[in-house]
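Taking it in order: structure first as structure tokens, then the write-up.
Side-chain atoms are counted along with the backbone in the values below, which use heavy atoms only and exclude waters and symmetry mates. First the proteins, then the strands, lettered A, B, ... as listed; each starts at 1.
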Amino acid sequence: MTVRVRIAPSPTGDPHVGTAYIALFNYVFAKRHGGQFILRIEDTDRTRSTPESEAAILRALRWVGLSWDEGPDVGGPHGPYRQSERADIYRREVANLVATGASYRCFCTAERLDKLRAEQKGKSNFMGYDGHCRGLDPAVSDARAAAGEPFVVRLAMPKTGETIVVDRLRGEVRFENTQIDDQILLKTDGFPTYHLANVVDDHLMGITHVIRAEEWLTSTPKHVVLYSAFGWTAPEWIHMPLLRNADKSKISKRKNPVSLDYYRAAGFLPEALLNFLGTMGWSIAGDREKFTLQEMIDAFSFDRIRLGGPVFDLVKLSAMNADYLRALDDDGVVARLRQWRLADDYLRSLVPLVRKRIQRLDEFVPLTEFFFSGDVDHAPWLKELVPAHRTATEVSECLLGLVEALDAQRDFSPPALEAMARAFAEKSAWDVKELFMLMRLAATARKATPPLFETLSVLGRDMTRRRLRLCADFLKKSKP
RNA sequence: GACCCCAUCGUCUAGUCCGGCCUAGGACAAUGGCCCUUCAAGCCAUGAACACCGGUUCGAAUCCGGUUGGGGUCGCCA
């Protein structure tokens, strides 16, 4: 049996460092055993998935140095590799399940479910669907569906006994069936949920090992039941520990940069990032922490994974990055600088912003310095950041609000940014002039810069968000 | 709250499976020093952990039980 594994990101946002982490272990395991590593796009959330996000994820994964044997861009014998293009497959498979009674239509409204949840909250030990439509007469169900009434399809979980998940890293994990609710498999819009699509695709694509994050562990019994309902052999499960913030909570953008694009923009070397991720929960040897991708492949074994959630420490990553940088010769560093920012493309995007502001070429570098630095120091601007009529907390909150707005802002062109900022000003009752200066100071640590939105546009989403957040943190600490 | 997972220096980890080699090793960070016109880098040194309580055993970081702590999940998101 040849090993086939996959990484299955959802294109609903920035390329996540956790995706690279899990992709790395999948990739390494596949290569260790001469198997295949597949990339599948899980875009069944029609409201949140975007082609831009998909492209960004592919680009980021490539940047980090991982490549896949099959995927939406490279094709393969088990395509399509984009779940939105496989909708008919899921509908076909789920129809079989309804026919055998392993799943059923549910006509409950969102309102009813909300009410149910509210009632259960705090009172009941069981949280989840109450099986209201489970006993519906199939003839009635058929008639209501035929009449055009919207419905979802749910998995009929066994009501007794337990489901055992065999996890490669933990052994048998047991779940009482009574506490697992009837998972929705097919949504009202006809698209599958993760649980269905994931099982169907893993089976159809011949996936042998599912290496994914620990957050999936508690929904795995549903997948076990699904496999058996289909009559399919389940893959082997391997749930990796979750990357953590410094406070041990699951890594999040509020407490850590999580976008791979940030790490690229901040000048981390992809091989250093990969090496660092390889030390998260895994070790190559007791006294060794530097290794190449190939060395990791050669040495890889699940036996060397520990399950405590590793804290993603930027300081340690930076130290490792420094090691890689020092190992490069001078030409190597030059090459990396060019790949990073000192490239014609980037300089060209800067020139329109400053050409009228310089009289001599030697003014270019000082004027554009903040485009080339990572984190900036806001300390000298405390007075300007927090004018007399504002409190530090107030300004900090405003910045955090902006970061949130920026998170959602896919279009980073100057006009789009300006529209966003003006809308934000209106909504938050901040004076436009004041808000714009705040953004300028936070993003650049300067009072005088090229036009704000052109500047932010070139600076990019990741660096802009990082600096605003840093500024908000600084203010929060400075004067509570 | 219910269920599930986890538990070695501040952090990443070795050691845990097959108990003695562990007065617990390495790395990052911290501190002190050396080097040096400066700053880095480099080198040397120091402090720093087996969560707790029981049990098994001649012997436990290692095995068992409990407690505590942390995390995750309970979405027509993945």
Nearest-nucleotide pick for [X], side chain only, options being [options]:
X	options	result
L217(A)	rC6(B), rC12(B), rC4(B)	rC4(B)
E289(A)	rC4(B), rA14(B), rC12(B)	rC12(B)
M127(A)	rA14(B), rA2(B), rG1(B)	rG1(B)
K187(A)	rG75(B), rU13(B), rC77(B)	rC77(B)
V315(A)	rC28(B), rU13(B), rA78(B)	rC28(B)
R304(A)	rG15(B), rC12(B), rC5(B)	rG15(B)
K316(A)	rA78(B), rC5(B), rG26(B)	rG26(B)
N125(A)	rC76(B), rC12(B), rG1(B)	rG1(B)
S249(A)	rG75(B), rC12(B), rG71(B)	rG71(B)

Seminar exercise, completed: Looking only at heavy atoms, the pair that brings L66(A) and A20(A) closest together is CD1-O, 4.1 Å
For this session: Can you see which heavy atom on D261(A) is nearest to which on A60(A), and at what distance?
Result: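 Taking D261(A) first and A60(A) second, the nearest heavy atoms are OD1-CB, 4.2 Å.
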Exercise. Closest nucleotide of RNA chain B for E176(A) versus for T279(A): which of these residues is on the 5' side?
Worked result: E176(A)
Problem set entry | RNA chain B: 5'-proximal contact among A246(A) and D323(A) (nearest heavy atom) |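 The residue mapped nearer the 5' terminus is A246(A).
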Exercise. Which of these passes ring-ring contact (aromatic ring centres under 6.0 Å, His included) with F300(A): Y27(A), F291(A), W282(A)?
Worked result: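 In the set Y27(A), F291(A), W282(A), the residue that makes a ring-ring contact (aromatic ring centres under 6.0 Å, His included) with F300(A) is W282(A).
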Exercise. Only one of Y263(A), W63(A), F276(A) clears ring-ring contact (aromatic ring centres under 6.0 Å, His included) with F268(A); which?
Worked result: Y263(A)
Quantified in whole Å, what is the [atom1] atom distance between nucleotide [N] and nucleotide [M]?
N	M	atom1	result
rU13(B)	rC22(B)	C1'	16 Å
rG26(B)	rG19(B)	C1'	24 Å
rG10(B)	rU57(B)	P	34 Å
rU23(B)	rG66(B)	C1'	30 Å

Would you say a side-chain N or O of [X] is under 4.0 Å from OP1 or OP2 of [N]?
X	N	value
K248(A)	rG72(B)	no
R46(A)	rC77(B)	no
R48(A)	rA78(B)	no
T44(A)	rA78(B)	yes
K290(A)	rU13(B)	no

Exercise. Considering Watson-Crick and G-U wobble pairs with both distances under 3.5 Å, what does rC43(B) pair with?
Worked result: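 rC43(B) is paired with rG33(B).
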Look at all strands and tell whether [X] reaches a base, only sugar-phosphate, or nothing, counting heavy atoms closer than 4.0 Å.
X	result
R170(A)	sugar-phosphate
F126(A)	nothing
R306(A)	base
F191(A)	nothing
V152(A)	base

Problem set entry | N-O pairing of E42(A) and R40(A) below 4.0 Å | yes
Exercise. Centres of the F25(A) and F29(A) rings: under 6.0 Å?
Worked result: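 Distance test on ring centres: not under 6.0 Å, no.
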